Structures are given as structure tokens and as C-alpha cells.
Amino acid sequence: MPHDGNPSSHPATRRAVLSLAAVLAGGVALSPWHSPTSTDVPAPGTHKSAPSGTPPAGPPPFGNRDPLLTKTLKKARNTRGAIARFEGAFPALNTKTVVSLPGLYKAKNPWLAVSIVGPVNQLQIINPEAGTPDHVVSIPDSHNGGLESLIWDQGSTTLYFTTGPTLLAWNPANPKTVRRIGKVPGATTLYELQLDSAGNIWGGTYPNGSTFTYTVATQKIRAHSRLAPDTDYVRRLAIGPDDTVWAGTGSLNPRLFSFPASDPSRRTEIQLPDPMPNGFISSIRVQGNRVVVTASDITEQLLLDPRTKKWVGSLDRVWASRNTSGPAADGGRFYSVTDGRLHATGTDTWQDTMLGPIGISAPLELRADATGVLVIGEIPTGLRLEYFGFASGTVESVHTLALTAGEYKIQSLLGHSDGNIYVGGYMGQGLASVNPDTGARWHSPHEEKLINQIEAMIEFDAEHSYLGSYGSADIIGLESAKKDSAKGYTRLERLSREYHQSRPFGWAANAKNVFLGTVPDYGRAGGVLGMIDPQANTVDWVLDGGGSGFVKAHSIIGLAADERFVYGTTSVRNGYGIPDTKGPGKVFKLEIKTRKKVWETAPVSDAGALYAPKLIAGWLVVADIEGINVIDTATGKLAARHRLTQANNAASRPGWANADIAQVGDGSKVVHSAAGTTTVVDFRGGTRSIIGTPETKDRFGSRLAATPSGRVFGYTDKTVLVELDLLPRPSRPRAP
């Protein structure tokens, strides 16, 4: 999609951008837009003296440790809430799952059920002979990532699927609706649905660390007991022809468990050939006389004898997407793709035969019949179907299907000096933007394959920005002039490799460097602190506390920086699959030159996480879900607290991004958002005002972005970018 931005007629100077970077601490929005606030507050370092004989252009600058920030705030009238809305800020078409539906509508070629990522249009039912879906179904209140797993029961012509903790069903008798079967007690996510020979549904769970069943005859869901005390995840499941269930666990000590479907309590535990402390079983396939297993950081497929439950070898060729077909009509072979070539594997000898090249490199579905293999893959507009014929040894037909686009939930926001608000999507790929002046939309090129879910991002200057991508804690550099080309995106570091990190949340910049902080990988505790040299485009150093975390067993979720020091905030929430660290969240101060910690404190005893630090008027201002805290930068001690929400720190599990602060200009105003309440604080006026009124019923998320001129953006309804009103409004006069 071509870029259609709107260059500002008043571009910000590099000096202004760099000065703001030192105080905005972590990717708060930068844009040259005009502010809707009552007075435009110049950024530090950009104030110009008024001509002689004229009044000053604005209020006097804050003093160091200005007492205005510690005074009690008075409640003022609410603001109007959202004064501009940009629907579907990150439109997307990211196919998650494809399942064949043999027996549906008695079609020559089986119809397909397709799920896409996002909170709308999640389920699409399509005739492969057609060009577009026949049925598109949105599932209200679904998981933000869409549908986790699908399984087709041909006997009852019912498609079962999961979203969050809920099992649902679709039937062609009512093709525009879905039936909610029920929730699995204690679970928040359900994985890998399978059918046993009786037509009962099986699946895995998180955080139960167990399997569950839905017995169709009784219409009852039963949650089984945890497979092991150290297991929170059962992500992968397979059921053999003898109704043996194979379950794969994580994130601690990933391994297999097997049991008969008739008695889930008769379990056999099977460790990997080389046990790992952390990770996941990533796929399980019952093929012929073997159970084929893959796991985190293991490239080969491991072969297990299901009778002896002993490992008997491995296959070195990596199956693309870890995906295979079921056995072909003769029952002796299955099919997979590696490096753009289709292979057949015999289940008697376990020898491979390369059949020929194919255009799909990452198959979503492979289906074999007596004459060939249908391979289905993703293209930007939907799906590509290739049929490979055994007799010809070539792809004999190609067909494309256009799917209905969805939207990503907004995961991160960044205002940029080019006038755009950039958006990262939950479970998303790539980067999007909205120009709030023109409404123009942009998306990073399809060829760009580095960016997954962006947890947070920051602009260093007009030419360089940095993105933190979830999954492997990838640190990605973006050159603004090349953002329409894949060459404009560079992975500087993959912090999962050496440091076992997963999510880059903390960002800050000063005039010379960019700083990053992270959340560790699944099953691990302790985030790292790192520094980027934008001139060399390299990560110069990473501090991980000898492997225990820069702040021991804490995630680093917020950063702020000036020219001498980096300040950070932490959460006791670690990687998924491991308990929270006991105690409160921390605040720390690091001297950049020596890389030595000056102090580390816990200023809010009941808060397990502190968020979004900002350097304002010589203070460090940090958020929790109750409000904002003013910290003495010299000592790390709490100087003042401002209560802004009805939430309770002690009653809420700490998170990584449950609260945010957007700083307006020099910090005379800030916006705080947490727990469904968004508040503008005016330190000069000594007031606090809730953004929104009971009439608007808007609830804004906990991600914010602010521009240098004083505009603040957030989101609502998962996918809608909004501009927030920062001015208290007088009450409407009553009718006589």
C-alpha cells in the first residue's frame, strides 16, 4: 500500500525532537500537529524569547523539583472524551488456521473453514471453487487474537472451535451464527482441539496445565487435573487410532504425557531425549507407527514409538510450519513442504522422496487424495491453493481465494514527527499508521517479515525509529525514508538467543542513544536493560544481572533518560508460565557512563508494577493502576501520590502495560490511563479531570501517545484510534 502521509507545514527541528526524547521516555507520540489545549507549551530547548515590549509567549518554565507536582489535585469537570475517532486503525488479513470440511454441502472439493487474527470476521466458510467466502462470522467478545483452534466433525457436520476459555460450534443449518457450548473452568485459553473415535472433543488449556473433554452425548465439559505441578500449558494434542491421547506441555520442563481417552488419570510421562528447562512442545503428529514431535529450539522431528514410549530416532528435514498432511489414500505416505519442495515420507521406512517444486513455502493445510496433494498457503489477499499431481510430478492447478479483511486490536502507539500515529497490532504482523489530519492510512510492505506484535516503539529522530517485536524480543530499526521497502527494516538483535527475553516494553532516548528494557521468555524471570547506538545502528550493551535480570527476577517495563542517567520501572510479573516474584515493583537509576546502578527502590509498597516513567520538572513521575506517583530523582523516594482511579493495586495482578502516562509538552499536563479510567492532570492549574462523560460511555485503553504540540491519542473498542479531549467542559445549563 503506498504511503499517503501529510507532511507538516511546521516540521519539528532535530533539536526539539531530541530534547523531547530525553523526557518523553519510551515512545510517547511525536507529531507537529496543533494542540487542542488552552495554551501551547513549548518543548524544552525550543522556547524563544518574546520581542521587547510584548507579553511572554507562555507560562514560566518549571523549576527544578517544582512543588506544583506534589500539591494535592482538585477535581475539575470532565472533558468530552474522544473528539476524533479513526475506525479500524490497523486493518489486517492474517490467516491463522485453515481446516478442510469434507461432507459439507456434498461438494466435489471440500469446503474450507478459515480463521483470521483479530476481533472481527474471525470465522470464514468458503467454497474453494468460488472466489470469496460464503459465510463470514464475527464472534463478539472473542479473544483479541481470534480463534485458537478448529476441528471438523464430519459425522455431525459441526465445526468446533475455541476463543479464550470458551468452546463454540458452527453448523451449516445456521451459517451466520455460532453456538456457545461453554467455558472450561479455570482456563483462560484453550488449545489444539482433537476428536476421539466416539466423536468427543478434546483440547488443552492454560493456565490449568491440563486437558479437557466435551462429551457430545451429555453436552458436558469436563476439565481434567493438572498433568504436573510445574505445567501451566498444554498447547499441543494428538489422538492416535487406538484413542491414546498425546499431550505436549510447557513452559517449564516441556515434555509429553500419554493416556487412554477412556481414563485420563492413567498417565505416562515422557521426557524429551534432551530435556530442556524452558520451552514448549510445538507439534505432535501421529503418523503410521510413530508419534512425531517437535519442540522449542529443536530443528529436527523426534520419533517416538507409541508402543514402547521410547524415542527411536529423528528426521533432520524441517517441515515448513511443522505441518503435514494426513496419510494418503494408500495409507503409507504423508506429505510436507521444505524449502519450496513437496516431499513424501513413507511410514514404513521413514524415508523421504522429493516430489517436486511448489509455490507455497509455508503451508496452512495439506490434503492428499489418490492422485495428488492440495497445498493451501497465505497470500496478501487471502489464500492460494495449489494442486500437485502425482502422475505429472508438477503443480497442475492454482487457484486463489479472497478473504474478508479483519482488524488487529491496538497493541502499541507512537506519534511521529512526520505527522502520523503509528500502530502496532496484537498478534499482528507489520506496522500501520493513521494520519489524523487527513485520515490517510499506511501499512508496512508485505515483503517485510521481521515485525510481529509490537509491544512498544520509539522515535529517535525523524530518520530513525526502533520497534520491540514480541516472540523473540527482536529489536528492529526502521529508516523512515525506506519504510515502504523491506530494506528499511533491520533486526539489530534477537534478545531471545543469548538473554532468553521475549517482549521489549521499555523505551527511552536522550540526544545520543536509545535504551530498551524487556520482559523475559516463557518460564523465566528477569528482564534486561540495553543501549542502542543509532549512529552505528547497533545494540552496544545489554545488562542482565548475570542471568537473573538487571533487577533480579523483575521485568523492565518502563524507561526514561536524560544525558547522564537512565531511570526504569519494573513489574514482578515474569514470563508466562512462572509465578510472579514476591514483593512490590521497583524503580531504579543507572549512570550511563559507568553502567552502575545509583539506587533501586520500591516506593509504592502495594504495587507489583510501576509503569511509564517520565522526567518532569526534576521529578520522576510514574504510573500505577491507582494513579501517578512523584519520585525524588536523587533518592528514589516517594514524594507524592495522586489518586486517579477506583482500582486497587493490591487487588490486581501486576502486568506489563496496565497503565500509561502521556506527557503534554513540558509536563504541565499529563494524561493517565488505567483500569478503564482516563484522566488529564493539569499541574499548573492543580486539577484532575476524567476524560469522557457518562453520556459518551467510552472506556479508553491503557496505551497512549502524545504529540509535542499537546495532542493525546488513545484507543477504544479494541481497534478504534481516538484523539482525547484535554479541556474540562462547563456543565450544560438545565432547561427551564
Side-chain angles (χ1 to χ4, degrees), residues 95-115 124-134 150-154 157 159 195 238 241 283 285-290 292 294 301 315 317-403:
T95 304
K96 192 169 185 178
T97 309
V98 177
V99 173
S100 298
L101 308 176
L104 178 64
Y105 300 133
K106 296 185 172 66
K108 176 184 176 182
N109 294 308
W111 285 47
L112 303 173
V114 182
S115 72
Q124 306 191 24
I125 308 296
I126 189 165
N127 179 355
E129 303 300 324
T132 56
D134 275 50
L150 293 80
I151 192 77
W152 172 245
D153 182 5
Q154 183 174 351
T157 61
L159 178 72
L195 280 166
S283 68
R285 304 273 179 179
V286 179
Q287 297 281 13
N289 61 355
R290 295 290 181 261
V292 188
T294 63
Q301 283 77 221
L315 300 174
R317 180 174 62 84
V318 177
W319 302 336
S321 306
R322 301 295 194 181
N323 207 356
T324 70
S325 71
D330 61 11
R333 302 198 302 179
F334 64 90
Y335 304 89
S336 58
V337 174
T338 298
D339 296 331
R341 289 175 171 79
L342 183 67
H343 292 73
T345 304
T347 57
D348 51 353
T349 64
W350 289 91
Q351 296 299 308
D352 280 339
T353 301
M354 200 279 285
L355 300 180
I358 198 160
I360 295 170
S361 59
L364 293 163
E365 169 86 338
L366 299 97
R367 188 176 71 244
D369 59 26
T371 61
V373 182
L374 178 68
V375 183
I376 303 174
E378 185 178 21
I379 57 176
T381 57
L383 299 177
R384 176 183 173 95
L385 284 65
E386 298 188 13
Y387 188 80
F388 186 97
F390 295 145
S392 66
T394 63
V395 174
E396 296 177 351
S397 64
V398 176
H399 186 47
T400 60
L401 304 174
L403 297 175

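What you see is a predicted model, and the numbers here were worked out from it, not measured in a lab.
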Measuring from [X]:[atom1] to [Y]:[atom2], what's the distance to the nearest 0.5 Å?
| X | Y | atom1 | atom2 | result |
| --- | --- | --- | --- | --- |
| L112 | L101 | CG | CG | 6.5 Å |
| E378 | L383 | CD | CG | 7.5 Å |
| L355 | L342 | CG | CG | 5.0 Å |
| T95 | I379 | OG1 | CD1 | 9.0 Å |
| S100 | Q154 | OG | CD | 10.5 Å |

Side chains of [X] and [Y]: closer than 4.5 Å at any heavy-atom pair?
| X | Y | answer |
| --- | --- | --- |
| R322 | R285 | no |
| I126 | L403 | yes |
| Y105 | N127 | no |
| L159 | L104 | no |
| V337 | I360 | no |
| T324 | T345 | no |

Test item: [X] side-chain N/O and [Y] main-chain N/O as donor-acceptor pair under 3.5 Å:
| X | Y | result |
| --- | --- | --- |
| N323 | L364 | yes |
| T381 | A402 | no |
| S325 | Y335 | yes |
| Q287 | F334 | no |
| T349 | Q351 | yes |
| W152 | P102 | yes |

Identify the heavy atoms of [X] and [Y] that sit nearest to each other, and give their distance.
| X | Y | answer |
| --- | --- | --- |
| A320 | T338 | N-OG1, 4.5 Å |
| P241 | V286 | CD-CG1, 4.0 Å |
| F390 | A370 | CD1-O, 3.6 Å |
| G359 | E386 | N-OE1, 2.9 Å |

Side chain to side chain contact (heavy atoms under 4.5 Å, CB included) partners for T371, two or more places apart
D369, Y387
We want to know whether R317 and S336 form a side-chain donor-acceptor pair, criterion being a heavy-atom distance below 3.5 angstrom.
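Judged by distance alone, the side chains do pair up.
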Within a radius of less than 6.0 Å around CG of D339, do more than 12 heavy atoms belonging to other residues, nucleotides or ligands occur?
no
Donor-acceptor contacts under 3.5 Å from residues 393-401 side chains, at least two apart:
from, atom 1, to, atom 2, distance (Å)
T394, OG1, S392, OG, 3.1
E396, OE2, S392, OG, 2.6
H399, NE2, P128, O, 2.8
H399, NE2, A130, O, 3.0

Of the options V373, L385, V375, L374, which is the one that meets R367 in a side chain to side chain contact (heavy atoms under 4.5 Å, CB included)?
L374
List the steps and the verdict of side chain to side chain contact (heavy atoms under 4.5 Å, CB included) for W350 and V292.
CA-CA 11 Å; W350 289 91; V292 188; 3.7 Å; yes
